[in-house]
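None of these values were measured; they are calculated from a predicted model.
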Amino acid sequence: MTERVAVDMWFDPLCPWAWITSRWLLEVEQVRDVDIRFHVMSLSVLNEGRDLPEQYQDLMKKGWGPVRVSIAVEQAHGGEVLGKLYTAMGTRIHLGKEELGRDMLVGALTDVGLDPALADAAESTAYDEALRASHEAGMRPVGTDVGTPVIHAPGPDGRQVAFFGPVITPAPKGEAAGRLWDGVLLVAGTPGFYELKRSREVGPVFD
């Protein structure tokens with residue numbers, strides 16, 4: 001039997017592209033010998049001090065709440081429960097089109113059987129140091145000119161590789177998900193490989 005390996009993904013609940021990538025990774029977990037572990041990064045942290053359009057600045061202000069609550073849950077209940085919370089948040093944000101705010105957070109926490117009072121973390125700076133540490137751990141190997149998703153995984157030769165993406169829509173299913181994983185790992189593990197990109201013609205598809 002092939003030994004299963006850990007693959008780590010950093011997400012911000014706000015990002016629809018990260019959400020699609022995360023659903024793809026959960027498909028990959030079913031057809032390849034990998035175990036997906038979710039971690040928190042923050043677009044609000046990433047964009048601090050940057051000159052942003054007013055609408056995006058407002059989104060970044062609202063973005064602190066979900067990542068703070070995510071860190072609070074991870075600290076209290078561990079990474080497996082964090083992954084369940086991410087699924088609950090993403091379902092509400094991206095599929096349900098719920099507004100960011102306390103109602104969404106309380107609903108997501110309730111969905112996974114957690115204390116709704118954990119939503120109080122959204123307005124607290126008590127988790128910011130841990131949030132920034134998690135963010136830094138994910139972003140350090142890939143730099144600050146990318147966002148989320150970020151993935152760390154053992155490359156074809158067993159050495160760790162880290163990369164932004166893939167940005168895909170919709171998420172491949174079954175063996176198609178596995179084939180994409182094989183290809184992504186191959187290019188990411190190639191020394192000197194940095195970028196493969198084309199213009200997006202469609203928005204996120206959450207099928």
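- Nearest heavy-atom pair across T144 and R50 is O-NH2, 2.8 Å.
- Interatomic distance, CG of N47 versus CG of L52, reported as 5.0 Å (0.5 Å rounding).
- Hydrophobic clustering, with ILVMFWY side chains joined whenever heavy atoms are under 4.5 angstrom apart, groups L105 together with V81.
- When all heavy atoms of V69 and A122 are compared, the pair lying nearest together is CG2-N, 3.7 Å.
- By the 6.0 Å contact criterion, CD on E48 is enclosed, its count of non-hydrogen atoms from other residues, nucleotides or ligands being greater than 12.
- The side-chain contact (heavy atoms from CB on, under 4.5 Å) with R92 is formed by just one residue from the set M104, E99, K97; it is M104.
- Transitive grouping of hydrophobic side chains (ILVMFWY, heavy atoms separated by less than 4.5 Å) keeps V187 and V34 in distinct clusters.
- Side-chain contact check for V5 versus D33: every heavy-atom pair is 4.5 Å or farther apart.
- Tracing side-chain contacts under 4.5 Å through hydrophobic residues (I, L, V, M, F, W, Y), one never reaches V31 starting from L180; they form parts of separate clusters.
- Other residues, nucleotides and ligands contribute over 12 non-hydrogen atoms within 6.0 Å of the NZ atom of K173.
- Residue E129 holds its CD atom at 11.5 Å from CD1 of I71, rounded to the nearest 0.5 Å.
- The side chain to side chain donor-acceptor pair (under 3.5 Å) test applied to E136 returns R140, not counting sequence neighbours.
- Side-chain atoms of H77 never come within 3.5 Å of backbone atoms of A72 as a donor-acceptor pair (strictly under, hydrogens ignored).
- Proximity of a side-chain donor or acceptor of S134 to a complementary backbone N or O of A130 within less than 3.5 Å is not detected.
- Side-chain contact between Y86 and V73 is absent, with no heavy atoms from C-beta onward closer than 4.5 Å.
- Within the 4.5 Å cutoff, the side chain of F11 has no heavy atoms near those of the T21 side chain.
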Name every donor-acceptor pair, under 3.5 Å, that has one atom in a side chain of residues 22-30 and the other anywhere in the protein, sequence neighbours excluded.
from, atom 1, to, atom 2, distance (Å)
S22, OG, W19, O, 2.6
R23, NH1, T87, OG1, 2.9
R23, NH2, T87, OG1, 3.4
W24, NE1, A177, O, 3.1
E27, OE1, G174, N, 2.8
E29, OE2, I36, N, 3.0

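- Using a 4.5 Å heavy-atom cutoff, the side chains of Y56 and L43 are in contact.
- Note on I168 and L95: same hydrophobic cluster, where clusters join Ile, Leu, Val, Met, Phe, Trp and Tyr whose side-chain heavy atoms are under 4.5 Å apart, directly or indirectly.
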Show the atom names and distances, to 0.1 Å, of all donor-acceptor pairs under 3.5 Å that link a side chain in residues 148-167 to residues at least two apart or in another chain.
from, atom 1, to, atom 2, distance (Å)
T148, OG1, W10, O, 3.0
H152, NE2, G138, O, 3.0
D157, OD1, R159, N, 3.0
D157, OD2, R159, NE, 2.8
D157, OD2, R159, NH2, 2.9

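- Note on L46 and L100: same hydrophobic cluster, where clusters join Ile, Leu, Val, Met, Phe, Trp and Tyr whose side-chain heavy atoms are under 4.5 Å apart, directly or indirectly.
- At a threshold of 4.5 Å between non-hydrogen side-chain atoms, the residues S44 and V67 do not count as touching.
- Contact of the T169 side chain with the W17 side chain is registered, since non-hydrogen atoms from C-beta on lie closer than 4.5 Å.
- What you find for R32 and G178 is that their closest heavy atoms are NH2-C, 3.3 Å.
- Taking the side chain as every heavy atom from C-beta outward, L82 and R37 never approach each other to under 4.5 Å.
- Checked against side chain to side chain donor-acceptor pair (under 3.5 Å), D145 has no partners two or more places apart in sequence or in another chain.
- Using a 4.5 Å heavy-atom threshold, the side chains of D111 and K84 count as separate.
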- Query: Can you list the steps and then say if L109 with D115 is a side-chain contact (heavy atoms from CB on, under 4.5 Å)?
  - Reply: CA-CA 7 Å; L109 289 163; D115 184 353; over 6 Å; no
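- Remark: D128 pairs with R68 by the side chain to side chain donor-acceptor pair (under 3.5 Å) rule, at least two apart or across chains.
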Sequence neighbours left out, cut at 3.5 Å: what donor-acceptor pairs do the side chains of residues 190-207 make with other protein atoms?
from, atom 1, to, atom 2, distance (Å)
T190, OG1, L186, O, 2.8

